Amino acid sequence: MDIATIKNNNLEKIDEMLEDEDGINVMFSNKWAEHEATIFLQQELNKYRGIFDASGITTKDKGISYDGRIEVMNNASEKRKEWIGNIDVQVKGTCVDEIKKGNSKFQIEVTHLENYTKNPLGVLFFVVQIQKDTLEKKIFYRYLLPVDLQKIFMTIKTTQETKSIDIYPIDSNQKNMLKKKCLEFLKARDMQVGKRIVILDEEKQPLEVLVQDFREDKNDYLKDKVYMYVKLNNDEGLVPAIMPEGGIIGAVQIIEQPLILKGIKFYDSIKKIINEDEIIFQYGENITFNMNTKKLDFKFQGTIDEMINDMSFVLMLINITENDCKHLCDSLEDKINIIKEFKKNLKKINIILNDKFPPFRDVDYSNMKHFNNLINNDKDTIKNIDISRLYAIKLCGKNILLLLNRDKEGITVYNFFDDISKKMTITIKKKRQYIRICPYSLLIEKLNFEDILNYNKKSVSLSIDDCENNDINNQYMNLLVLMLINSYDKTKNEEFYQLAEEFIDKLLEWEPNDNIYIVNQLQLVKRKRELTDTEKSKLYNIKNEENDNIELLYGISILLENKSDIDYYYNRLDAKSKKEFSKFPIEKLKNKI
């Protein structure tokens, strides 16, 4: 390109600029915007008559991640003793088509945020939005103190180069707002400097909680504008804390005073929950009353005793207050009566349920009424009962197991786990002969121990001593061992493991050389520890003895963790055996190899 062409291009550009009298086509440079932003911030700070000295904020050679500092004085006397502190700041200018009225966003480089973490004093971050057509300006701010930076970095991915952060407006209609934000920054900074930051969770229970609240509007839930400090022990003072995800900032006051209505004590104490914009009273675990909305909320769950207490309290509260829940009274009263009678009848047959239940459904109340009718020998109920050895009452998906016996008087109901061996003999008929078996053999292939509400280890354990040594009973007891191991695998309840040990020990006492019992004993052992060389030797000996018993050889290969043998013997099992083994607990050991 020759000189003449260059001159002509320049002349055209000059002509365009002359024609653009309103500056509509002017491109705003970042350098100009940030210079304007800094000057505007300095002017606004200077309005406070010397409390802030903003001359330390540079307008030209800007530093890396910092633009200088604001000196804060107690008054304008400039005496050293009146100096309060310095605030490190960064100022950004950005040109916008229209200035945001409320909160806004700003895209910041992650490297800047990383630099701020190296400064224990943090930074007060300012963004000045400049409207392109009018050049009107508005200041936004964001505290980037240690707590803020940790929260932000919890959301940044390792490959991320920029991060969008919320920025908040300095409302010019609110007098002294810029001053207030600078002074509050200093206060928060002094409370965070040099202290560890904790993330609260269920395990951390503070002895003391302090909330430093910078919100202008109580409906503003932005956690960036609220700092929380907690005292976790008596050796350390208040430290800054971060709420866990989904946490609510508030306070809980325990009112150590019994709640008594009409002479009945319902609760030993009450919780007063003070949230950001409401006060809630909590009674027990499942009932709340919102003082702001006057709304009563309840969810009847927990133990039977807790449900009866909560229901009775709500019923009385509805009756003595002007509440919109009065339509519930009749239904609630019926439910209370059903549960109370249910609890009383359970006690009659030595069943005490301490389980925590979810809210009962209609089918649960129906089953409770059915149980009450059984105990009371209601004629319409018992005439339709087909007496079987085992009878289950379902409650919230689990079972209360009973034994029923019909006689001239009607039906007698027994708790299946009330040392039943002392009350009746359970037999099966084989070749015209009645053979006594362990009563809990009735559970095999019907119910799992973990699904039984009135299960009682002591009763099952006592039944072992009353068992008879015969082939049929021993087969059932061995199946019970496998059933108990399965229940232990699902729940890790040590009682199931201990019962399996007791049954297998009894079987080996009767038949110490039975290979199946030995293998089942060792698969139980393997759930706690690795087998010893002596125990492995036993398995190798059995393997040599039982070279035609594919099922047993397959189980031994699992216990010895021999992968090639496992595949070999599994492929030799027929389809029926493979299906049976899928239900056996030894398969779970195979999955861990």
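Reckoned from all heavy atoms, side chains included, excluding hydrogens, waters and symmetry mates. The first residue in the sequence is number 1, and the count goes up from there. Please read all numbers here as calculations on a predicted model, not as lab measurements.
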Would you call [X]-[Y] a salt bridge at under 4.0 Å N-O?
| X | Y | answer |
| --- | --- | --- |
| Lys151 | Asp148 | no |
| Glu236 | Lys195 | no |
| Lys583 | Glu445 | no |
| Lys187 | Glu184 | no |

Is the ring centre of [X] less than 6.0 Å from the ring centre of [Y]?
| X | Y | result |
| --- | --- | --- |
| Tyr455 | Tyr440 | no |
| Tyr283 | Phe313 | yes |
| Phe281 | Phe289 | no |

- Query: Of all heavy-atom pairs between Asn473 and Cys467, which one has the smallest distance, and what is that distance?
  - Reply: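 That closest heavy-atom pairing would be ND2-CB, 3.7 Å.
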
- Gln160 to Thr155 - nearest heavy-atom pair and separation: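 Closest heavy-atom pair between Gln160 and Thr155: OE1-O, 4.1 Å.
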
- Would you please test Leu443 and Leu390 for side chain to side chain contact (heavy atoms under 4.5 Å, CB included) and show each step? CA-CA 8 Å; Leu443 293 172; Leu390 208 55; 3.9 Å; yes

Tell me whether [X] at atom [atom1] has more than 12 heavy atoms from other residues, nucleotides or ligands lying less than 6.0 Å away.
| X | atom1 | result |
| --- | --- | --- |
| Gln150 | CD | yes |
| Asp362 | CG | no |
| Glu161 | CD | no |
| Phe581 | CZ | yes |
| Lys492 | NZ | yes |
| Lys163 | NZ | yes |
| Lys262 | NZ | no |

Determine whether a donor-acceptor pair (N or O, by modelled atom type, separation under 3.5 Å) exists between the side chain of [X] and the backbone of [Y].
| X | Y | result |
| --- | --- | --- |
| Asn373 | Asp378 | no |
| Asp364 | Arg361 | yes |
| Arg406 | Ile385 | yes |
| Asp297 | Thr288 | no |
| Asn454 | Leu401 | yes |

- Using 30° and 60° as the class limits, which term best fits the ring planes of Tyr141 and Tyr143: parallel, tilted or perpendicular?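 Plane angle between 30° and 60°, so tilted.
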
- Quick one: do Gln523 and Asn520 satisfy side chain to side chain donor-acceptor pair (under 3.5 Å)? Show the steps, please. CA-CA 5 Å; Gln523 76 151 308; Asn520 283 338; 3.1 Å; yes

- Task: Apply side chain to side chain donor-acceptor pair (under 3.5 Å) to Asn103 and Asp166, showing your working.
- Result: CA-CA 7 Å; Asn103 300 328; Asp166 292 308; over 6 Å; no

- Evaluate the criterion side chain to side chain contact (heavy atoms under 4.5 Å, CB included) for residue pair Leu480 and Ser441; output intermediate values, then yes/no. CA-CA 7 Å; Leu480 269 175; Ser441 299; 3.9 Å; yes

- Task: Could you note down all residue pairs passing salt bridge (Lys or Arg N to Asp or Glu O under 4.0 Å) where residues 338-350 supplies at least one of them, sequence neighbours left out?
- Result: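 Sorted result for residues 338-350: Asp305-Lys343.
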
- May I ask you to check if Lys100 and Phe140 form a cation-pi contact, with NZ or CZ under 6.0 angstrom from the six-membered ring centre and within 45° of the axis?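 Ring-cation test returns no.
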
- Please lay out, stage by stage, how Asp418 and Asn350 fare under the test side chain to side chain donor-acceptor pair (under 3.5 Å). CA-CA 7 Å; Asp418 188 19; Asn350 200 25; 3.0 Å; yes

- Lys457 and its salt bridge (charged side-chain N to carboxylate O under 4.0 Å, His left out) partner, picked from Glu502, Glu494, Glu495: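 Of the listed options, the one satisfying the test is Glu502.
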
- Would you tell me whether Tyr267 and Asp310 have side-chain atoms, one donor and one acceptor, within less than 3.5 Å of each other?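 There is such a pair between these side chains.
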
- Message: The criterion is side-chain contact (heavy atoms from CB on, under 4.5 Å); which residues satisfy it with Pro120, sequence neighbours excluded?
- Response: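 Not a single residue meets the side-chain contact (heavy atoms from CB on, under 4.5 Å) criterion with Pro120.
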
- Task: Mind checking salt bridge (Lys or Arg N to Asp or Glu O under 4.0 Å) for Lys490 and listing every partner two or more places apart, or none if nothing turns up?
- Result: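 Applying salt bridge (Lys or Arg N to Asp or Glu O under 4.0 Å) to Lys490 gives Glu450.
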
